[in-house]
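Right, one structure below, let's go through it.
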Amino acid sequence: MATETERDAVTGRETTGHEWDGIKELNNPLPTWWLYTFYASIVFAIVWSVLYPSLPWLDGVLGHSERRSIAATMSKAAAEQRPYIDRILKASLDEIRADTDLLTFARTGGRIAFNNNCAPCHQAGGAGTRGYPSLADDDWLWGGTLAEIEQTIRFGIRTEHDKTHSSMMPRFGADSMLSPAQIDDVVEHVLSLSKSPHDPARAARGAAVYAENCVACHMEGGAGNREIGAPALNDAIWLYGGDRTAIRTSVFMARSGVMPAWQDRLDDATIKMLTLYVHGLGGGK
């Protein structure tokens with residue numbers, strides 16, 4: 001049975017039978033140039049798949065493999081870097097720092113390792129963000145010497161490694177060690193230490209609370225203690241924020257950030273290069 005073909009009354013061309021808002025779609029043939037381009041792309045794809053590897057079991061008649069090319073390039077780069085890596089492995093951090101050529105290589109490698117492993121938390125250039133300390137200033141929780149930075153990188157903070165940095169701030173509010181009024185008073189005192197706006201009367205009362213509960217770690221005047229990771233409270237550098245709400249949360253719930261240990265994740269040469277890079281960001285001692 002023949003199918004009746006509908007034709008447009010204006011142009012006389014066949015229609016596809018589709019219609020939208022009274023507008024009928026014409027069954028126009030594809031442009032010749034488009035068809036030739038389409039057929040040419042099919043031929044090109046076939047030729048390309050024969051010449052170059054395009055399937056797991058087809059290596060290509062030209063024998064070219066981008067995977068092998070990249071592997072060769074990486075092997076060549078590793079061979080060129082090997083003398084520097086060997087020197088870094090044998091030398092101490094101070095010896096590397098004293099060798100300008102070796103230090104330049106180490107810091108370049110450290111920057112790459114930092115971007116691959118550390119920047120997601122510490123941000124590009126070690127700028128830091130809330131909860132992740134800046135590594136580009138001179139405010140260090142666990143010390144900023146080469147040896148101290150290396151220990152932090154190798155063993156982390158509050159990890160399961162036996163050489164990790166570890167300290168624990170009491171949860172003064174959550175564990176009912178201080179009353180809400182005492183917490184509010186000591187928060188005002190902490191604000192006063194950094195010359196932030198505060199309530200003088202409450203800050204005066206908070207000084208006694210601070211002396212009884214906080215001075216052992218954060219020291220007189222909020223100077224901090226790097227050896228145990230107790231931050232200074234008398235500057236404008238705050239890891240979790242320096243406003244009243246953030247400080248109160250720190251006192252009430254405490255903070256216990258964790259940094260992974262890289263000892264078993266990165267090789268010794270990379271850890272040394274990372275150490276030198278972080279030390280050179282601007283705040284190393």
Quick one: list whatever passes ring pair (Phe, Tyr, Trp, His ring centres under 6.0 Å) with Tyr39, sequence neighbours left out.
none
Under 30°, 30 to 60°, or over 60°: which ring-plane class applies to Tyr277 and Phe114, parallel, tilted or perpendicular?
tilted
Any residue meeting side-chain contact (heavy atoms from CB on, under 4.5 Å) with Glu148, in chain and number order, not counting sequence neighbours:
Thr145
Mind listing the side-chain donor-acceptor pairs of residues 117-124 below 3.5 Å, one per line with the distance, residues two or more places apart or on another chain?
{"residue": "Asn117", "atom": "ND2", "partner": "Ala113", "partner atom": "O", "Å": "2.8"}
{"residue": "His122", "atom": "ND1", "partner": "Pro133", "partner atom": "O", "Å": "3.0"}

Qualifying side chain to side chain donor-acceptor pair (under 3.5 Å) pairs, either residue in residues 206-217, two or more places apart
none
Just to verify, what does Arg202 make a side chain to side chain donor-acceptor pair (under 3.5 Å) with, not counting sequence neighbours?
Asp185
Tell me whether Ser41 contacts the main-chain N or O of Phe38 through its side chain, where contact means a donor paired with an acceptor under 3.5 Å.
yes
How would you list, by chain and number, every residue that makes a side chain to side chain donor-acceptor pair (under 3.5 Å) with Asn28, sequence neighbours excluded?
Arg13
Set of side chain to side chain donor-acceptor pair (under 3.5 Å) partners for Arg97, sequence neighbours left out:
none
Among pairs that include at least one residue of residues 32-43, which meet salt bridge (charged side-chain N to carboxylate O under 4.0 Å, His left out), considering only residues two or more places apart or in two chains?
none
Mind checking salt bridge (charged side-chain N to carboxylate O under 4.0 Å, His left out) for Arg87 and listing every partner two or more places apart, or none if nothing turns up?
Asp99
Quick test of your reading: applying side chain to side chain donor-acceptor pair (under 3.5 Å), list the pairs with at least one residue in residues 239-250, sequence neighbours left out, ordered by first then second residue.
Asp184-Arg248, Glu188-Arg244, Ser250-Arg255
Checking the side chain of Ser194 only, and the main-chain atoms of Ala236 only, is there a donor and an acceptor separated by less than 3.5 Å?
no
Side chain to side chain donor-acceptor pair (under 3.5 Å) contacts in which one or both residues fall within residues 221-236, not counting sequence neighbours
none
Listed by chain and number, what are the side chain to side chain donor-acceptor pair (under 3.5 Å) partners of Thr129, not counting sequence neighbours?
none
